Visitor: 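Have a look at this one before I ask anything.
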There are 2 protein chains.
Amino acid sequence: MVQTSARLLKVLSLLQSRRFWAGGDLARELGVTERSVRRDVDRLRSLGYPVHAAGGVGGGYQLGAGKELPPLPLEDEEAVAVAVGLRVAASGPVKGLEEAAVRALGKLEQVLPKRLRRRVNALQAVSVRIGDTAPRVDAEALAVIANACRDEEVLRFDYSSREGTASARSVEPYRLVHTSYRWYLLAYDLDREAWRTFRVDRIGPGPRSGRSFKPRPLPSEDVAAYVSQAVSTEAYRFRARVTVQAPASVVSERLSGVAGRIEELDAERCLVHAGGDSLEALAFYFAWLGFEFEVHEPRELIEHLLRLSERLARAAQR
Amino acid sequence: MVQTSARLLKVLSLLQSRRFWAGGDLARELGVTERSVRRDVDRLRSLGYPVHAAGGVGGGYQLGAGKELPPLPLEDEEAVAVAVGLRVAASGPVKGLEEAAVRALGKLEQVLPKRLRRRVNALQAVSVRIGDTAPRVDAEALAVIANACRDEEVLRFDYSSREGTASARSVEPYRLVHTSYRWYLLAYDLDREAWRTFRVDRIGPGPRSGRSFKPRPLPSEDVAAYVSQAVSTEAYRFRARVTVQAPASVVSERLSGVAGRIEELDAERCLVHAGGDSLEALAFYFAWLGFEFEVHEPRELIEHLLRLSERLARAAQR
DNA sequence: GGGTCGCGGACAGATTCGGTCCGCGATGAG
DNA sequence: CTCATCGCGGACCGAATCTGTCCGCGACCC
């Protein structure tokens with residue numbers, strides 16, 4: 001009967017909504033005998049979910065941490081929180097998690113009721129962004145693209161090239177790669193009949209996935225290497241060279257997340273090469289460090305720092 | 001048989017792992033006839049999960065967005081991403097979502113296999129924090145506390161008072177409230193036999209939940225109001241008064257997340273009252289605005305800005 | 001010691017399940 | 001246009017399963 005399976009799902013969900021459930025309560029909640037509850041619990045156990053039980057007064061069933069993760073039943077609010085959290089995670093505050101976050105986001109968005117999707121989008125707007133060396137990537141677009149890759153569906157979108165000219169693209173998406181704080185899409189461009197690497201932040205709003213395609217062999221075994229090579233010519237608007245009066249290890253910890261590399265000069269100083277598209281972001285990263293530093297280039301950054309310094313000095317006057 | 005229910009769960013999970021599944025493929029994957037697959041799909045539909053189907057060549061089944069959210073089957077990596085994302089969300093980058101995020105986190109942590117928990121904790125460390133008016137709250141502690149509230153379990157922890165004296169507490173936890181960038185726990189202190197409001201960031205590491213208790217009536221109907229009144233005497237280390245040369249609406253948008261309130265002076269200026277425990281954070285927030293501003297108090301902030309301004313000026317020299 | 005609560009065997013009847021067989025209709029490629 | 005593909009669902013039947021009932025056991029806590 002469908003009833004049995006539905007009940008099983010319900011038990012699973014009940015057990016996750018409250019730590020302890022007495023057999024009798026569960027039975028009442030589910031509208032079956034206690035014996036059936038015991039059987040359901042057994043079934044869950046045989047499915048690999050560790051349900052602990054405590055005897056005596058105040059005892060009950062409790063879902064524990066097992067080897068595998070049970071499917072997570074979420075309330076509306078919680079789902080929204082998960083979606084928002086994943087969008088943050090996908091935009092990269094924590095290294096090495098972006099791809100997984102995007103995959104999870106794809107799964108979630110696929111089944112997210114419309115009313116919740118609206119809430120997520122509304123909340124998304126107010127997210128606080130730090131420094132922002134990374135251009136803002138639309139997390140929903142990211143999810144759409146990730147799903148298109150997974151499902152092998154042709155993707156259409158508008159793309160603005162580095163020079164700012166826009167063009168409509170129609171591609172077979174293969175991989176979404178996250179490197180040095182940017183998202184890239186490795187895809188086969190159907191109109192140009194060639195492999196291309198797209199910067200996701202340059203993809204226009206609302207990419208649409210369409211009919212499915214038969215995947216062709218990738219241009220390289222090592223996709224990450226291929227992409228990073230393809231984009232190595234990619235330049236930031238500004239490249240900064242800055243000497244910081246602090247040990248390289250300290251700086252690298254505090255600058256985690258900035259695109260760039262750090263050279264140790266001596267025990268107390270290091271040279272930071274950082275790339276960014278915004279002077280504000282670059283200035284803040286270094287100011288935020290809290291150490292003395294010296295900018296060698298670019299000139300624009302030096303000028304920006306001077307202006308900022310003057311503004312702060314004015315703020316402190318009275 | 002357990003088989004049927006297990007299969008149903010598996011179908012649900014398969015349908016979320018790939019967009020399109022042909023009936024034959026599903027049948028092979030599950031080890032049953034195609035007819036049975038159709039029946040399973042029917043069952044899912046009757047459980048409220050909208051499974052769309054497309055006929056013809058290249059057709060297949062597809063899980064759509066329904067009224068309710070199906071339980072989310074997560075891979076290991078994805079679960080870690082969700083946990084990290086939720087921890088970020090719980091620490092409050094997006095308004096009004098913190099409580100839900102903590103609830104979801106509680107659910108997740110309850111069933112998170114140990115190996116994944118370690119990963120989450122490891123990753124948590126490197127999370128980038130902005131400005132940080134909010135003291136760092138241990139997300140795992142938050143989850144433990146939330147679960148203790150939900151499960152009505154006595155909670156023990158070390159608490160350092162405002163003056164810095166530590167004491168061991170044993171309380172009945174009732175509500176976790178998030179206001180103005182801080183977490184508070186409303187609880188009944190069993191030793192002092194009185195209601196108390198605890199700042200979660202002052203709770204020592206590893207709060208432990210114990211035996212369950214019978215809840216007593218709350219001291220007030222409106223818990224949020226009660227707590228906010230109870231903590232109204234709570235002072236920040238620094239209180240700043242700053243005039244900003246920008247419309248109040250713009251400022252309030254960019255300062256979202258800072259504890260404080262904004263008074264409109266005229267169309268082009270507003271007065272911001274902000275509280276914070278760190279001069280760096282306060283300076284950062286106002287500098288980050290990008291507008292001209294003037295600090296009226298505190299003196300420390302003015303001095304800090306001067307020092308910062310000089311440091312930036314030095315950085316720009318060469 | 002007694003009450004509470006989880007455990008699980010046994011049994012019987014009702015229900016359901018899954019495989020098989022089959023014809024229908026929609027879709028999309030050639 | 002035609003054909004192959006693929007989802008749909010009715011019918012049938014034997015096997016498997018589920019549920020409620022009854023009951024004794026053991027653990028735990030007051």
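Predicted, not measured: the structure shown is a model, and the values here were computed from it. Naming: A, B, ... by sequence-line order, numbering from 1 per chain.
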Visitor: In whole angstrom, give the distance that lies between atom CZ of Phe20(A) and atom C1' of dC5(C).
Guide: 13 Å
Visitor: Does the side chain of Ser167(B) come under 3.5 Å of the side chain of Arg169(B) through a donor N or O and an acceptor N or O?
Guide: yes
Visitor: Do Arg35(A) and dG6(C) have a side chain to base donor-acceptor pair shorter than 3.5 Å?
Guide: no
Visitor: Please state how far atom CD in Glu34(A) lies from atom C1' in dC23(D), giving the value in whole angstrom units.
Guide: 14 Å
Visitor: Output the rounded distance in Å from CZ (Arg38(A)) to P (dA27(D)).
Guide: 16 Å
Visitor: Would you indicate, yes or no, if dC18(D) has its OP1 or OP2 atom less than 4.0 angstrom from a side-chain nitrogen or oxygen of Thr4(A)?
Guide: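 It does not, given that no N or O in the side chain of Thr4(A) lies less than 4.0 Å from OP1 or OP2 of dC18(D).
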Visitor: Treating Glu172(B) as the side-chain partner and Glu153(B) as the backbone partner, does any N or O pair qualify as donor plus acceptor under 3.5 Å?
Guide: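 Checked: no pair found.
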Visitor: Using a cut-off of strictly less than 4.0 Å, decide whether Arg43(B) has a side-chain nitrogen or oxygen near OP1 or OP2 of dC17(C).
Guide: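 So the side chain of Arg43(B) is within the cut-off, an N or O lying under 4.0 Å from OP1 or OP2 of dC17(C).
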Visitor: Could you tell me how far apart Leu8(A) (CG) and dT16(C) (P) are, to the nearest whole angstrom?
Guide: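 Those two atoms, CG and P, are 17 Å apart.
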Visitor: If I take atom CZ in residue Arg39(A) and atom C1' in nucleotide dT15(C), what distance separates them, rounded to the nearest angstrom?
Guide: 14 Å
Visitor: Short question: side chain of Trp195(B), backbone of Asp189(B) - any donor-acceptor pair under 3.5 Å?
Guide: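 It does not hold such a pair.
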Visitor: Just by distance, do the side chain of Arg150(A) and the backbone of Ile145(A) share a donor-acceptor pair under 3.5 Å?
Guide: no
Visitor: Can you check whether Leu186(A)'s main-chain N or O pairs, donor with acceptor, with Arg196(A)'s side chain at less than 3.5 Å?
Guide: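 No, Arg196(A) side chain to Leu186(A) backbone: no donor-acceptor pair under 3.5 Å.
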Visitor: If I take atom CG in residue Leu15(B) and atom C1' in nucleotide dG7(D), what distance separates them, rounded to the nearest angstrom?
Guide: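 Spelled out: CG on Leu15(B) to C1' on dG7(D) is 14 Å.
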Visitor: Taking DNA chain D as the partner, which of residues 22-31 of chain B come within under 4.0 angstrom of it by heavy atom?
Guide: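 The stretch gives Ala22(B), Gly23(B) as the residues lying under 4.0 Å from the strand, ordered by number.
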Visitor: How many whole angstroms separate atom CG of Asp40(B) from atom P of dG7(D)?
Guide: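 It works out to 14 Å between those atoms.
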Visitor: When the distance from OH of Tyr61(B) to C1' of dC6(D) is rounded to whole Å, what number comes out?
Guide: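 Distance, rounded to whole Å: 8 Å.
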Visitor: Would you say the ring centroid of Phe20(B) lies under 6.0 angstrom from that of Tyr61(B)?
Guide: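 No, the ring of Phe20(B) stays outside the 6.0 Å limit from the ring of Tyr61(B), centre to centre.
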Visitor: When you compare the side chain of Pro71(B) with that of Leu72(A), does any pair of heavy atoms fall below 4.5 Å?
Guide: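 Result no, sub-4.5 Å side-chain heavy-atom pair not found.
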Visitor: Looking only at side-chain N and O atoms, does Ser36(B) come under 4.0 Å of OP1 or OP2 in dG19(C)?
Guide: yes
Visitor: On the nucleotide dC8(D), are OP1 or OP2 found under 4.0 Å from the side-chain N or O atoms that Arg45(B) carries?
Guide: yes
Visitor: Side chain of Ala53(B): nearest nucleotide among dC8(D), dT21(D), dG19(C)?
Guide: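 From the listed options, dC8(D) comes nearest.
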Visitor: So what does Val32(A) hit on the nucleic acid, given a heavy-atom distance under 4.0 Å: a base, only sugar-phosphate, or nothing?
Guide: sugar-phosphate
Visitor: May I ask you to verify if any side-chain N or O of Arg7(A) is less than 4.0 angstrom from the OP1 or OP2 atom of dT19(D)?
Guide: yes
